[in-house]
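Written below as structure tokens is the structure these notes are about.
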Amino acid sequence: MSKMKQKIKNMIYNASKDAYDKGTLPSSDFPEIEVEEPKTGSHGDFSTNISMIMASIQKMPPRKIAEAIIKNIKDPDGILDKTEIAGPGFVNFFLNKYSWHPVLRKIHDQDALYGSSNIGEGKKIQIEFVSANPTGPLHVGHGRGAAVGDSVANILLFCGYNVKKEYYVNDSGRQINTLGRSVFLRYKELFGADVQFPEDCYQGDYIRNLSKKVRAEKVRNDNGDKLLLMSEEEAITYCAHFAAKNILSEIKEDLESFGVVFDRWYSEQSLFDSGKVDRVINDFRKQNIIFEDNGALWFRTKDFGDEKNRVVVRSNGLTTYFASDIAYHQDKFDRGFEKIIDVWGADHHGYIPRISAAIEASGHTRDKFNVILIQLVNLLRNGEPVAMSTRSGEFVTLRDVISEVGSDAARFIFLTRHYESALDFDLELAKKKTNDNPVYYVQYVHARISSIVRKAQESGIGDITWNDAAISRLNEPEEVQLIKIMSRYPEIVRCSAENMEPHRITYYLMSLASAFHSYYNKHRVLTDEAELTFGRLYLVIAVKKIIRNGLALLGVSAPEKM
RNA sequence: GCGCCUGUAGCUCAGUUGGAUAGAGCAACGGACUUCUAAUCCGUAGGUCGCAGGUUCGAAUCCUGCCAGGCGUACCA
């Protein structure tokens with residue numbers, strides 16, 4: 001909470017108490033005081049609804065209570081201009097314009113840490129995101145998950161959590177086998193074999209490229225046709241490993257160019273190799289949480305609120321993904337994470353009750369498990385849908401998008417919506433350098449201020465530090481407005497962390513940018529008066545710092561020049 | 001059928017966790033560059049918050065029931 005808000009709260013509390021002591025208010029049972037910032041300026045800088053809440057307790061009409069409170073308000077620091085009663089009984093507080101100035105000092109002092117907090121109290125928290133199967137390149141949908149996951153991680157870190165980012169690699173199971181089969185068939189084609197390429201194999205061109213890479217790899221030792229001499233099973237396994245490794249390193253590259261770096265890449269196969277999957281299945285069998293029916297092993301997810309029980313080992317002896325997921329999520333808690341976040345595509349939402357069940361069965365409460373469901377991304381070009389079908393292999397990859405519109409624009413656009421609503425991503429729009437495209441609108445503020453600072457330095461103005469006389473010159477309504485907006489930043493960040501909603505920061509930055517651009521157009525920073533210039537530089541540098549900090553949380557750069 | 005998400009200005013979306021007269025951008029119209037970056041700004045216009053009830057001082061927000069769209073509902077991943 002902002003310092004200012006806390007001050008107002010204290011004033012209200014003390015005033016209520018004084019009113020009770022004097023007998024104006026009959027009850028000392030005060031509800032929690034809520035102070036908010038009204039959206040319309042005519043309702044003051046802060047406002048409280050306390051008298052409406054108190055009405056039933058005090059058995060008095062709200063406006064009477066408001067009167068009693070206002071009469072007892074004390075303002076030793078002189079921050080108030082006036083107070084008033086409005087509407088059904090709101091008490092509105094109008095602050096003296098000078099009372100906002102200390103916010104600027106705080107921004108300069110805390111610098112890159114302005115807006116940070118310790119609400120996380122160092123709690124170990126893990127966020128797992130992207131986790132795309134290494135069977136093909138990342139596409140735009142994965143990009144949205146990456147942008148959201150990475151940004152949430154940044155925000156939580158900024159708020160005092162001990163955050164680890166993880167990518168779960170599905171490097172085992174059927175789809176990896178299919179990958180190997182797809183590559184091997186294309187490989188055979190390279191040697192003139194006439195193959196009927198099955199529909200359930202991966203269709204994309206990248207499979208052909210991989211088969212060529214397999215051949216090239218082998219060519220160092222022999223004619224490149226070595227795989228044809230192996231058993232089919234051996235060859236497929238070889239291709240599978242080769243291809244998965246290759247694709248995974250491409251995925252890693254793509255993510256890095258998108259500014260996303262993981263702390264750990266966790267292999268699904270390792271859960272089998274270390275025996276963790278077997279162990280958890282055995283444990284749960286003993287506890288009768290897993291039972292046998294019709295030759296398959298079932299998890300009693302229904303007992304934990306799921307709509308039906310789920311298979312963990314099929315009657316053919318193969319485990320389902322759910323089996324390794326149980327072990328994986330148990331392992332997350334075993335590693336000491338107090339809270340885990342999974343970022344999934346919304347089409348996986350049916351999976352939540354299953355994993356929740358597994359977590360509860362492992363002895364953890366389900367409130368420690370959070371899922372962020374990312375809704376669909378519709379890729380458009382000039383308003384027309386771009387074909388995207390993984391089946392035919394015709395999809396626009398994240399790599400394509402980044403190279404076309406840039407990482408900054410892509411990340412920002414992914415974060416301009418709440419992740420719970422579907423997003424239209426228009427490639428042409430993302431490249432536009434107008435107000436249609438808010439990325440540049442925000443970055444432009446940073447570049448403009450950088451330019452002003454450069455000019456100031458050229459004219460010999462040295463370090464900009466707090467100076468009472470200079471700061472007191474900041475009286476223009478647009479200046480006070482800017483400071484007020486800046487004072488809200490820490491609360492925005494906190495809110496964004498609590499709800500795991502990066503878009504709140506995106507919107508905040510747009511409104512700060514808007515206020516700055518207005519100010520810039522109306523007033524000059526570099527004036528003939530040294531003192532005024534100094535004060536205004538102090539102001540705009542504060543804006544610059546917040547823009548930089550906020551963009552950093554979104555994973556977007558803050559350019560000095562544009 | 002059941003479950004999850006969505007429904008706010010012509011379009012794309014916010015909405016401080018229940019507050020006062022519901023806000024931005026785009027598109028439309030009219031203005032502002034000899035001055036720190038016009039990738040900007042200022043102004044006008046635009047609304048039955050899907051519909052109907054309910055909860056209370058007060059509802060876009062909470063509860064119920066409908067309507068519409070998307071997704072999911074495998075011994076698939």
Side-chain angles (χ1 to χ4, degrees), chain A residues 34 36-40 42-43 47-49 51-53 55-56 61-62 86-90 92 133 135 170 173-176 178 200 293-298 306-308 310-322 325 345-353 373 375-376 378 383 416-424 426 429 432-445 447-456 458-459 488 491-492 495 498-499 503-504 506-508 510-511 513-514 516-527 533 536-537 540 561-562:
Chain A
E34 279 174 49
E36 57 174 25
E37 296 170 56
K39 10 187 179 194
T40 39
S42 61
H43 293 140
S47 172
T48 183
N49 59 358
S51 18
M52 272 96 81
I53 311 250
S56 60
F90 289 102
N92 296 338
N133 290 348
T135 53
N170 292 115
R174 212 185 70 171
Q175 82 291 341
I176 285 292
T178 304
D200 66 332
D293 185 38
N294 261 324
L297 292 182
W298 298 73
D306 199 359
E307 51 187 27
K308 57 196 271 195
R310 308 287 176 177
V311 170
V312 285
V313 182
R314 289 179 271 169
S315 49
N316 63 8
L318 295 176
T319 53
T320 60
Y321 260 25
F322 183 39
D325 275 334
D347 52 342
H348 287 72
H349 75 263
Y351 220 70
I352 297 177
L373 289 176
Q375 287 289 339
L376 207 72
N378 298 306
T416 50
R417 294 239 182 316
H418 193 164
Y419 46 72
E420 273 177 3
S421 46
L423 169 70
D424 289 336
D426 194 305
L429 202 102
K432 269 200 203 168
K433 296 181 173 170
T434 63
N435 259 353
D436 286 2
N437 186 1
V439 197
Y440 301 112
Y441 185 78
V442 174
Q443 286 185 321
Y444 192 43
V445 172
R448 267 185 155 174
I449 297 172
S450 301
S451 174
I452 295 172
V453 172
R454 276 195 299 275
K455 278 263 160 42
E458 281 163 23
S459 63
R488 288 181 46 219
E491 202 164 340
I492 299 285
C495 223
E498 282 172 351
N499 297 291
H503 78 282
R504 289 174 186 265
T506 314
Y507 276 88
Y508 171 82
M510 291 194 274
S511 72
S514 168
F516 173 79
H517 286 310
S518 294
Y519 174 64
Y520 180 92
N521 272 273
K522 192 158 179 189
H523 303 284
R524 283 187 59 85
V525 174
L526 305 175
T527 67
T533 300
R536 288 185 172 173
L537 278 167
V540 299
K561 278 183 187 167
M562 284 174 76

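Side chains are part of it too, since the values below use all heavy atoms of this structure and drop only hydrogens, waters and symmetry mates. So that the names make sense, note that chain A is the first sequence line, chain B the second, and so on, each numbered from 1.
- Separating the CG atom of A:D426 from the P atom of B:C13 is a distance of 12 Å, rounded to the nearest angstrom.
- Between B:U8 and B:U48, the two C1' atoms lie 12 Å apart (nearest whole Å).
- Between the P atoms of B:A22 and B:C51, the separation comes to 16 Å (whole Å).
- At a threshold of 4.0 angstrom between heavy atoms, the contacts of A:N92 include nucleobase atoms, whether or not backbone atoms are also involved.
- Across every strand in view, B:G3 sits in a pair with B:C71 that passes the Watson-Crick or G-U test at under 3.5 angstrom.
- Residue-level contact check: A:F90 touches the bases, meaning some heavy atom is under 4.0 Å from a base atom.
- Using a 3.5 Å distance cut-off with no hydrogens or angles, the side chains of A:Y321 and A:Q175 do pair a donor with an acceptor.
- Atom name C1', nucleotides B:G50 and B:A68: the rounded distance is 8 Å, in whole Å.
- Ring-plane geometry between A:H523 and A:Y519 is classed as tilted, the angle between the planes lying from 30 to 60 degrees on a 0 to 90 degree scale.
- The distance from atom CG of A:L373 to atom P of B:C4 is 12 Å, rounded to the nearest whole Å.
- Using a 4.5 Å heavy-atom threshold, the side chains of A:Y444 and A:H517 count as touching.
- Here A:A86 lies in heavy-atom contact (under 4.0 Å) with a base.
- Under the 6.0 Å distance and 45° angle rule, A:R448 counts as a cation-pi partner of A:Y520.
- Of the possible donor and acceptor atoms, one in the side chain of A:Y507 sits under 3.5 Å from a partner among the backbone N and O of A:T416.
- As a whole-Å value, the separation of A:E34 CD from B:A20 C1' is 15 Å.
- Counting distance only, with no hydrogens placed and no angle test, the side-chain atoms of A:T40 and the base atoms of B:A20 include no donor-acceptor pair under 3.5 Å.
- Put simply, NZ on A:K39 is 8 Å from P on B:A22, counting in whole angstrom units.
- A donor-acceptor contact shorter than 3.5 Å links the side chain of A:R536 to the backbone of A:R524.
- For B:U44, the base is anti relative to its sugar; the glycosidic angle deviates from 0 by more than 90°.
- Distance NE2 (A:H418) to P (B:U6): 8 Å, rounded to an integer number of Å.
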**OP:** Encode nucleotides 68-77 of chain B as B, S and - characters from 5' to 3', where the letter depends on protein heavy atoms closer than 4.0 Å: B to the base, S only to sugar-phosphate, - to neither.
**Re:** ---BSSSBSB
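- Pairing of B:U61, defined by two Watson-Crick or G-U wobble distances under 3.5 Å, is not identified with any nucleotide.
- A:S47 places no side-chain N or O within 3.5 Å of a backbone atom of A:P38 that could act as its donor or acceptor partner.
- If you check every strand for non-hydrogen atoms under 4.0 Å, A:E37 touches a base.
- A straight line from OH of A:Y419 to P of B:C5 spans 12 Å, rounded to a whole angstrom.
- Judged by distance alone, with hydrogens and angles left aside, the side-chain atoms of A:N316 form a donor-acceptor pair with the main-chain N or O of A:L318 at under 3.5 Å.
- On the C1' atoms, B:G15 is 13 Å away from B:G19, given to the nearest whole Å.
- Using P as the reference atom, B:A39 and B:A45 are 28 Å apart when rounded to the nearest Å.
- Between A:H418 and A:H503, the two ring planes are parallel [angle under 30°; tilted spans 30° to 60°].
- Glycosidic conformation of B:C33 is syn; the angle stays within 90° of 0.
- Rounded to whole Å, the distance from CG on A:D306 to P on B:C2 is 18 Å.
- For the P atoms, the distance from B:C2 to B:G65 is 10 Å, rounded to whole Å.
- Listed for the A:T533 side chain is a donor-acceptor partner under 3.5 Å among the backbone atoms of A:T527.
- For the P atom pair drawn from B:A60 and B:G23, the interatomic distance equals 12 Å after rounding to whole Å.
- A close approach under 4.0 Å does not occur between any side-chain nitrogen or oxygen of A:S518 and OP1 or OP2 of B:U40.
- Both distances falling under 3.5 Å, in either a Watson-Crick or a G-U wobble arrangement, occur for no nucleotide opposite B:U16.
- Separation of the P atoms belonging to B:C49 and B:C62 is 16 Å when rounded to the nearest angstrom.
- With hydrogens and angles left out, the side-chain atoms of A:H43 and A:T40 include a donor and acceptor closer than 3.5 Å.
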**OP:** Using a 4.0 Å cut-off on protein heavy atoms (strictly under), produce a 5'-to-3' string for nucleotides 32-39 of chain B with B for base contact, S for backbone-only sugar-phosphate contact, and - for none.
**Re:** ---BBBSB
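- When rounded to the nearest whole Å, the span between CG of A:D424 and C1' of B:U12 equals 8 Å.
- The nucleotide B:C41 finds its pairing partner in B:G31, both defining distances of the Watson-Crick or G-U wobble pair being shorter than 3.5 Å.
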